[in-house]
Amino acid sequence: MKCELYNDSMQNWKCYPIHKAQLIIADVPYNVGTNFYGSNPMWYKGGDNKNGESKLAGKAAFASDFNFNLYEYFHFCSQLMRKDDKKAVARGRSSNSPCMIVFCSFEQTQTLINAAEKHGFIHYIPLSFIKNYSPQVLKANMRIVGATEHALLFYRDKLPKFRNGLQVDENGKNIRGTGHMIFDWFVWERDPKDIPKIHPAQKPVSLMKRLIEIFTDPGDVVIDPCFGSGSTARACQELGRNFYGFEINKTFYKRAKEEMLLKGEELGNVGQQKICG
């Protein structure tokens, strides 16, 4: 399996030998600027307002918060995603068409929907992720705190590949009683301590694995255009999917390559430095 990380912008994808994806999944910058830490205890020294504001107060989390272009992102996805499956499929069976999942804030959903539609991704399914904790500890005794994350699943015309445990018999017919309903919400559980904490908006490896299992098969290609901590790459390694990812931040790139990824020659070529752009 391939697992290739590039310390470069996704805009330079033509410089690299990337195969087209069955699934593109990313947590795009929220463009929240100086409000990133506004509901996070890290705004204060030691997480306590009695200690005064920390160096993170009033700061953006990422340099890309102010210049990330959603239209360039969806153009990238339109170029790097496989075409829809044209083969006829049996009744009650999904096609092998691709899709993308974009994590976002709730307020950002309509902006994403509009940008995606202009690049041919005319269908979407909202997804929700339920936590049993909240990072919004500031003023928690004065308001309802957020304990959910959100994403949108986009696809072109055909419903994408969908793996819900359905089994078929020797004649190719669906076996009654197999396959289970998958809801539009998922449980968000923190990673165990053996998974390094690298990124302030890091997604759990277990959650990424769940999504990848539903929309891909072993050997399929997954692309993350802004991989951050590398949790998507780690999930692909554990599931036997090919992975290609871009990250412009050198620190995140280095830590993802050295700390997040599984080691071993059998896992493929890991850690490609920027070669153009």
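These values consider heavy atoms only, across backbone and side chains, with no hydrogens, waters or symmetry-generated copies.
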Novice: Anything under 3.5 Å between a donor and an acceptor, one on a side chain of residues 187-195, the other on a protein residue two or more places apart or in another chain? List them.
Specialist:
from, atom 1, to, atom 2, distance (Å)
Trp188, NE1, Tyr133, OH, 3.2
Asp191, OD1, Val205, N, 3.0
Asp191, OD2, Val205, N, 3.0

Novice: If I take atom NZ from residue Lys161 and atom CG from residue Asn96, how far apart are they, to the nearest 0.5 angstrom?
Specialist: 4.5 Å
Novice: Look only at the side chain of Asp224 and the backbone of Ala26, and say whether a donor-acceptor pair between them is shorter than 3.5 Å.
Specialist: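 Between the backbone of Ala26 and the side chain of Asp224 there is no qualifying donor-acceptor contact (under 3.5 Å).
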Novice: For the rings on Tyr6 and Tyr16, is their centre-to-centre separation under 6.0 Å?
Specialist: yes
Novice: Over 60° means perpendicular and under 30° means parallel, so classify the ring planes of Tyr244 and His19, tilted if in between.
Specialist: tilted
Novice: Can you confirm whether Lys197 is buried at NZ, in the sense that more than 12 heavy atoms of other residues, nucleotides or ligands lie under 6.0 Å from that atom?
Specialist: yes
Novice: Determine the minimum heavy-atom distance between Glu247 and Tyr253, stating which atoms define it.
Specialist: CG-N, 4.0 Å
Novice: Short question: side chain of Gln202, backbone of Pro196 - any donor-acceptor pair under 3.5 Å?
Specialist: yes
Novice: Closer than 3.5 angstrom, by distance alone: can the side chain of Gln22 be matched with the main-chain N or O of Cys99 as a donor-acceptor pair?
Specialist: no
Novice: Rest of the hydrophobic cluster containing Met142 (Ile/Leu/Val/Met/Phe/Trp/Tyr, side-chain heavy atoms under 4.5 Å)?
Specialist: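 Grouped by the 4.5 Å side-chain rule, Met142 forms a cluster of one, so the answer is none.
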Novice: Quick check: are there more than 12 heavy atoms from other residues, nucleotides or ligands sitting under 6.0 Å from OH of Tyr124?
Specialist: no
Novice: Let me check something: do Trp185 and Leu211 share a hydrophobic cluster, defined by ILVMFWY side-chain heavy atoms less than 4.5 Å apart, either directly or through other members?
Specialist: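 No, because Trp185 and Leu211 fall into different hydrophobic clusters, even though each may have its own neighbours under 4.5 Å.
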Novice: Can you tell me how the ring of Phe76 sits relative to the ring of Phe246, calling it parallel under 30°, perpendicular over 60° and tilted otherwise?
Specialist: perpendicular
Novice: Counting heavy atoms not belonging to Ile144, are there more than 12 under 6.0 Å from its CD1?
Specialist: no
Novice: Verify the distance criterion only: is there a donor paired with an acceptor across the side chains of Ser95 and Asp85 at less than 3.5 Å?
Specialist: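 Distance-only check fails for Ser95 and Asp85.
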Novice: Do other residues, nucleotides or ligands put more than 12 heavy atoms under 6.0 Å from Lys173 NZ?
Specialist: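 No, because the 6.0 Å sphere around NZ of Lys173 holds 12 heavy atoms or fewer from other groups.
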Novice: Is it the case that Ser94 and Arg163 place a side-chain donor and acceptor less than 3.5 Å from each other?
Specialist: yes
